[in-house]
Amino acid sequence: MRRPLVAGNWKMHGTRASVAELINGLRQQVLPADVEIAVFPSCLHIAQVLQGVAGQVVAVGGQNCAVDPGQGALTGEVAASQLQDAGCALVLVGHSERRLLLGETDAEVVCKFAAAQSCGLTPLLCVGETLEQREAGKTLEVVGAQLASVVSALGIEVFTRAVVAYEPVWAIGSGLTASPEQAQQVHAAIRAQLAGHSVEVACAVRILYGGSVKAANAAELFGMPDIDGGLVGGASLNADEFGAICRAAGN
Ligand code: PGA
């Protein structure tokens with residue numbers, strides 16, 4: 001059985017005051033024991049969040065890491081080893097905002113994935129197609145290629161210590177959610193692709209759905225056989241909403 005994971009991607013949001021408020025709200029939530037929960041604040045707020053959620057069952061992750069795991073001369077970047085030192089357990093890699101707005105390539109995503117694991121962090125690999133690609137019937141090809149770049153460079157076994165998130169770009173922050181059936185189709189294809197290398201690894205890996213997940217649609221999405229939780233952006237900035245999404249992932 002795969003343990004569901006609900007991850008809150010706070011993106012470039014938050015001030016010390018709003019983060020304190022959000023932490024307070026999270027502490028008041030009844031969180032399900034059978035669901036793993038993580039939040040990804042901006043680097044500036046990682047320490048504050050770790051301190052604030054101490055004793056809670058919430059892990060903290062970074063939103064990005066540098067391609068090389070160690071410290072070095074790379075102005076503005078954060079190394080996976082620094083995230084690990086700061087108390088992070090996970091890191092997002094290959095979020096579509098970074099791929100599309102900042103030009104992050106598959107090759108860089110592979111390096112970041114490897115950097116994360118070399119420091120003991122769990123990479124949460126994001127994949128997904130644009131609306132144009134979906135309309136051209138290329139969804140599975142695009143997602144398959146993003147996944148294949150990691151498998152071919154690093155092997156299948158790395159997925160025993162990683163999480164995949166399917167996030168259709170057209171559903172991110174748009175209010176348009178993939179239907180449970182649309183999402184399930186891609187999740188099943190991702191699992192089948194991994195199963196082509198190792199059935200055991202494919203059965204165990206968690207595949208999250210992301211893209212306008214909210215309390216109102218979470219249960220339906222999480223009820224699909226290959227959807228093992230969610231990567232939640234906008235709705236994770238509201239503690240009550242995020243708490244409800246976490247509960248929807250529980251039994
Ligand atoms: P959203 O973002 O929930 O605001 O659509 C999801 C994400 O980008 O991870």
Side-chain angles (χ1 to χ4, degrees), residues 4-14 18-19 22 25-26 35-43 45-46 49 58-65 88-104 109 112-113 116 121-131 133-134 139 142-143 146-147 162-180 182-183 186-187 190 206-222 224 227-249:
L5 167 63
V6 176
N9 176 10
W10 294 0
K11 307 193 180 184
M12 199 171 65
H13 293 288
S18 73
V19 166
L22 190 45
L26 286 176
V35 176
E36 202 175 312
I37 298 165
V39 294
F40 296 77
S42 91
C43 273
H45 301 117
I46 286 170
V49 175
V58 180
V60 177
Q63 296 177 12
N64 175 45
C65 64
C88 287
L90 311 100
V91 62
L92 302 181
V93 295
H95 190 280
S96 63
E97 285 152 12
R98 300 197 58 86
R99 290 180 189 265
L100 296 170
L101 304 175
L102 300 172
E104 202 166 281
V109 171
K112 291 177 179 201
F113 187 110
L121 299 176
T122 300
L124 207 163
L125 172 70
C126 305
V127 296
E129 82 289 2
T130 63
L131 185 57
Q133 290 165 333
R134 174 163 283 264
T139 298
V142 169
V143 169
Q146 290 169 341
L147 193 63
V163 177
V164 179
Y166 167 57
E167 297 203 302
V169 177
W170 49 273
I172 294 178
S174 62
L176 290 175
T177 316
S179 69
Q182 276 175 322
V186 182
H187 282 236
I190 291 171
R206 287 173 298 181
I207 308 174
L208 313 185
Y209 169 78
S212 298
V213 174
K214 23 187 194 285
N217 59 25
E220 230 191 336
L221 286 160
F222 300 164
M224 302 308 282
I227 302 184
D228 307 310
L231 178 55
V232 187
S236 71
L237 297 171
N238 178 309
D240 290 336
E241 185 80 12
F242 188 66
I245 294 168
C246 292
R247 289 189 289 277

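Values below: all heavy atoms of this structure, side chains included; hydrogens, waters and symmetry mates excluded. Order of appearance sets the numbers: ligands from 1, and atoms from 1 within every ligand.
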Nearest 0.5 Å please: distance from the OG atom of Ser96 over to the CD atom of Gln146. 9.0 Å
Pair Arg134-Val186, side chain to side chain contact (heavy atoms under 4.5 Å, CB included): steps then yes or no: CA-CA 11 Å; Arg134 174 163 283 264; Val186 182; 3.9 Å; yes
Distance to 0.1 Å, residue and atom name: give those for the protein heavy atom nearest to atom 3 (O) of ligand 1. Gly233 N, 2.8 Å
Check each of Leu237, Asn238, Val39, Val213 against Val232 using the side chain to side chain contact (heavy atoms under 4.5 Å, CB included) test, and report the only one that passes. Val213
Check ligand 1 against Gly211 and write out every atom of the ligand that is under 4.0 Å from a heavy-atom position of the residue. 5 (O)
Lys/Arg N to Asp/Glu carboxylate O, Lys11 vs Glu97, below 4.0 Å: yes
For a quick check under 3.5 Å, do Glu129 and Trp170 share a side-chain donor-acceptor pair by atom type? yes
CA sep, side-chain torsions, deciding dist, call: Val109, Arg99, side chain to side chain contact (heavy atoms under 4.5 Å, CB included): CA-CA 9 Å; Val109 171; Arg99 290 180 189 265; 4.0 Å; yes
Below 4.0 Å from ligand 1: does a non-hydrogen atom of Ala171 turn up there or not? yes
Considering only non-hydrogen protein atoms, determine which one is nearest to atom 9 (O) of ligand 1 and report residue, atom name and distance to 0.1 Å. Glu167 OE2, 2.7 Å
For Gly173, state whether at least one heavy atom is located under 4.0 Å from any atom of ligand 1. yes
Between ligand 1 and His95, can you find any atom pair, the residue atom being a heavy atom, that is separated by under 4.0 Å? yes
Looking at Asn9, which atoms of ligand 1 are within less than 4.0 Å of one of its heavy atoms? 9 (O)
Against ligand 1, does Ser212 come closer than 4.0 Å with any heavy atom? yes
For ligand 1, which part of Ile172 has a heavy atom less than 4.0 Å away: the side chain, the backbone, both, or neither? both
Atom 4 (O) of ligand 1 - nearest protein heavy atom and its distance: Gly234 N, 2.8 Å
Is there side-chain contact between Thr139 and Tyr166, with heavy atoms separated by less than 4.5 Å? yes
